[in-house]
Amino acid sequence: MGKQGKRENVDRLLQGLTEAQRCAVTHFEGPLLILAGPGSGKTRVVTHRIAWLLAQGVPDRQILALTFTNKAADEMQRRIKALVGDCSVWVGTFHRFCARMLRKYAPFVGLQENYSIYDTQDSLQVLRQALARTGLHDTHIAPETFARAISWAKNNLIAPDQYVARPGHMVGSLVQKVYPIYQGALLDANAADFDDLLYHCANLLRENPEVRQALDERHRFILVDEYQDTNLAQYAIARALSIDHPHLAVTGDPDQSIYGWRGANLNNILEFERDYPAVRVVRLEQNYRSTKRILRAAAELIAHNVRRKEKGLYTENSEGPPVRLVTYGTHKDEADDIAARMAEEIRQGRRRAGDFAVFYRVNALSREFELALRQHGVPFQLVNSVEFFQRKEIKDLIGYLHLLNNPHDQVAFLRVINTPARGIGKTTVGRLSGYALQHGWSLLEAARRVKDIPRINAKTAGKIAQFVRLFDRLVEAVDRPMEELLGLLLAETGFREQFSASGDEEDSERLANIEELLTVAREFDERHGGGTHPLETFIEETALVGETDEWEEEVDRATLMTLHAAKGLEFPVVFLVAVEEGLLPHQRSKEEQDDVEEERRLMFVGMTRARQELQLSFARYRDFRGRRKMTVTSSFLMELPREEMELLTVGDEDAEKQGAGVAEPAPYFSEVPDYSEAPHDQYDEPVYRADATFPTPSEPPAVSPDVFLQGMTVLHPQYGRGRIAALSGSGLARQATVDFPDPTGRMRFLLSGSPLRPAE
DNA sequence: ATGCGCCAAGTTTTT
DNA sequence: CTTGGCGCAT
């Protein structure tokens, strides 16, 4: 590209940016703090800044963008791609970045490269064993309490041997005992929990100057999104990578810090200017998202917080309709009325389903809305239900993968040794692990020597030996594509047979989940191409995804999600429900002042997601734990400006009779708001829309290889009937591994052009 | 050893 | 109302 072209590119980049935004985008070297209010175009600034840096000649590999959620990372990646096309700017979550770094430097922190990542459930399992071993299992303290304390310690970079309980603090002294045991168990299993990813990584950088220096050199320009949510470990990592090359740009908003419970330290952003005296501070205070009334209401609420950096939020958008505050009789009325409104708006063609979002404080509240929306025929997507990767059948399969990747993985071993049931019970497993512990072997190693273990009879030993052989057979296939490996796994273990015996609904759902996992695997294979270590990469990916990532913007469906999941998103119409004392603010937050402020921020985040219409609501009665309980309205509601609100009452006869609500049950949406100003249009970037730049791929080939399913019986003109053991690849490269009766045995076919047919 | 069923407990938010 | 852990009966 010539100099002229480059210049034009830069001009195009800066076009349509405000003075403040341009300032942040074109800041070149040195620390930068972007204080960005909600809807101020923060993501736009970050992505444009990356594009701008690239245009300045910064090599893409030197830019590192860190986010908190995969969803945010994907969004950023998408928008960068739309701006500059494919490039190797590294965009991802802190956890993912650390996981990858540890993959390379594992030995520095006492792990091997193929370490497992344990999710909360897995780590709790390890913790339970540690507690049992310490003799602390029958204290009346829940394992979760220990888990929280340990997690807190790791987030604050306190090592197991540094943990000192406050004098006289009972729980603390117990934690002090278990923490080292727990950590030892993780290392023995060659595993890391979520906190370890950050913890190990921070230590790696602190204790190995040459590594730190190399990485600082490699990642010269660092951008951290949602900086207000960083904890000490994350802070240490970002800091360690910005010493020789202090080009650290952080964006955030103290008013949107909602992860204090995860160790986020608001001071990291409040005191950024102290840590980096040379910092340039840019404030983005103009809001391009919401109406004036929504913004004023939200601003007034958040003004009740003490710990913040005051911002003057303003918008040039239209006034908009008042914020509705609706009192419902019961939670049923609430869900029903909201669903009915949506249905009506959609029917009248005023809104699409995708315009609506319902936010709630806790996942448990979603059920009522699912029902109501289904009843009114409003399509919806539920973010964060029972997480896919948490389902038992999926965790079991992933457990096999973990074990194949990391034979030391004890949690995985225990999970799969008798799944599906193969006659290896508790007693046997107990003896096995006793033996393993005694000799310092992993469970799998002990299983290999099962003949030497006293008190395991020959018959049971045979079953264990069979399991070991199964493992060895599967290990042969670890370098195959994931879909094929999983297919073999399913076939060899007879995994499906656990569920296919009966035809009941739960079982068929499980089978469907297994198919879904195969699809995930296939998509992974396509993305991953012929890269090395598919298993390792796949496991890492699946370990670090949450269901939140499932959310799709393009789909025209109403969205149901928690307030936490809503951060970073926006919707034309938002319903914020169950604004009740005990839920918002949540009961558990009432103990500390700071925590109540966090709840207020949470509500602030929810309100500022709305572009055009916002409704807050609560019910007088709500079913809780089976019992109907009278609610108390949230104290936050008292902090809202009355003049921006419209008060309504629905389905609450008492209140309606007394006229406690609004005198008239005015028809909803009686006034059609004037959106002629289309506030978001100036914010959208039609030129760079991904779908405009990248047309959707052409139709799939006429002969779909998808008719072949794993387990299907197929016919081959030469070899006769066979059964598909595994599938892999896609399109023209799609292959099937087929088992024929002897003497033919196992054959592999390219499906396109093969004479294979599904047998009727 | 397995499977069922009971009882108890515990419910915030996410990587 | 759910889930998960545990004990009992087969």
Side-chain angles (χ1 to χ4, degrees), chain A residues 66-73 92-99 117-125 128 137-138 140 142-145 148 151 154-155 192-199 201 226 229-231 233-234 257-264 359-368 383-384 386-387 389-392 417-431 456-457 459-460 463 540-549 561-568 578 582-590 595 598-599 601-603 605-606 623-628:
Chain A
L66 295 170
T67 65
F68 280 78
T69 62
N70 294 302
K71 188 176 53 175
T93 62
F94 264 102
H95 285 85
R96 203 178 283 281
F97 174 72
C98 291
I117 298 172
Y118 282 174
D119 67 15
T120 323
Q121 235 181 73
D122 298 333
S123 1
L124 215 53
Q125 216 56 45
R128 283 207 181 90
H137 55 292
D138 51 16
H140 291 283
E144 285 81 3
T145 306
R148 278 222 314 276
S151 170
K154 287 183 178 176
N155 284 329
D193 65 21
F194 282 146
D195 300 314
D196 275 342
L197 296 176
L198 305 174
Y199 171 82
C201 200
E226 310 283 11
D229 287 329
T230 46
N231 57 37
Q234 289 162 325
S257 164
I258 54 177
Y259 286 99
W261 51 273
R262 218 170 91 186
F359 301 154
Y360 34 80
R361 178 64 230 268
V362 299
N363 273 312
L365 291 171
S366 70
R367 168 96 12 127
E368 212 62 55
V383 176
N384 234 17
V386 185
E387 292 180 35
F389 288 100
Q390 301 289 2
R391 288 169 220 251
K392 187 176 179 310
I417 178 68
N418 200 30
T419 314
R422 46 175 78 89
I424 303 172
K426 237 192 326 206
T427 347
T428 309
V429 171
R431 284 170 190 157
I456 290 185
N457 63 43
K459 194 172 155 204
T460 315
K463 289 172 182 165
E540 182 182 308
E541 244 180 60
T542 53
L544 295 177
V545 297
E547 196 78 351
T548 313
D549 315 325
M561 56 168 67
T562 64
L563 285 165
H564 282 87
K567 188 155 80 160
L583 277 170
L584 186 64
H586 193 271
Q587 194 60 45
R588 293 270 287 263
S589 73
K590 299 256 198 92
D595 292 353
E598 178 152 320
E599 296 288 306
R601 291 193 290 265
L602 201 44
M603 177 146 165
V605 166
D623 283 1
F624 186 63
R625 226 141 98 187
R627 288 281 307 161
R628 175 151 299 195

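Lettering follows sequence order; numbering is per chain, from 1.
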| request: Let me know the distance between CD of Glu144(A) and C1' of dT13(B), rounded to the nearest Å. | output: 16 Å
| Could you give the CG-to-C1' distance, from Leu66(A) to dT15(B), as a whole number of Å? | 13 Å
| query | Taking CG from Asn70(A) and P from dT14(B), how many angstroms apart are they, rounded to a whole number? | reply | 13 Å
| request: Verify side chain to side chain donor-acceptor pair (under 3.5 Å) between Thr562(A) and Asn363(A), making sure each step is shown before the conclusion. | output: CA-CA 6 Å; Thr562(A) 64; Asn363(A) 273 312; 5.2 Å; no
| query | Between atom CD in Glu226(A) and atom C1' in dT14(B), what is the gap in whole Å? | reply | 13 Å
| said: Of the listed nucleotides (dG5(C), dT13(B), dT15(B)), which one gets closest to any side-chain atom of His564(A)? | reply: dT13(B)
| task | Answer yes or no: are there more than 12 heavy-atom neighbours, outside Arg367(A) itself, under 6.0 Å from its atom CZ? | result | no
Detail all sub-3.5 Å separations between protein N/O atoms and N/O atoms belonging to nucleotides 2-4 of chain B.
{"unit_1": "dT2(B)", "atom_1": "OP1", "unit_2": "Gly423(A)", "atom_2": "N", "d": "2.6"}
{"unit_1": "dT2(B)", "atom_1": "OP1", "unit_2": "Ile424(A)", "atom_2": "N", "d": "3.1"}
{"unit_1": "dT2(B)", "atom_1": "OP2", "unit_2": "Asn418(A)", "atom_2": "ND2", "d": "3.4"}

| Picking from dG5(C), dT13(B), dT15(B), which would you name as closest to the side chain of Asn363(A)? | dT13(B)
| OP1 or OP2 of dT14(B) less than 4.0 angstrom from a side-chain nitrogen or oxygen of Thr562(A), does that happen here? | yes
| Nucleotide dT14(B), atom P - distance to NE2 of His95(A) in whole Å | 13 Å
| query | How would you list, by chain and number, every residue that makes a side-chain contact (heavy atoms from CB on, under 4.5 Å) with Asn418(A), sequence neighbours excluded? | reply | Ala421(A), Arg422(A), Ile424(A)
| 5′-ward residue of the pair Leu602(A)/Thr428(A) relative to DNA chain B | Thr428(A)
| task | Quickly work out the Arg367(A) CZ to dC1(C) C1' distance and round it to whole Å. | result | 9 Å
| Under the salt bridge (Lys or Arg N to Asp or Glu O under 4.0 Å) test, residues paired with Asp119(A) that sit two or more places apart | Lys395(A)
| remark: Result for 5'-nearest mapping on DNA chain B, choosing between Phe68(A) and Val362(A), is Val362(A)
| task | Report yes if the side chains of Gln121(A) and Leu124(A) come closer than 4.5 Å at any heavy-atom pair, otherwise no. | result | no
| task | Determine, using ring centers only, whether Tyr259(A) and His564(A) are less than 6.0 Å apart. | result | yes
| field | Nearest-Å distance for atom pair OH/P, residues Tyr259(A) and dT13(B) | value | 11 Å
| task | Starting at OG1 of Thr460(A), measure out to CZ of Arg431(A) and round the result to the nearest 0.5 Å. | result | 8.5 Å
| query | So what does Thr460(A) touch, heavy atoms closer than 4.0 Å: a base, only the sugar-phosphate, or nothing? | reply | nothing
| request: Figure out the CG/C1' separation between Asp196(A) and dT15(B), and round it to whole Å. | output: 13 Å
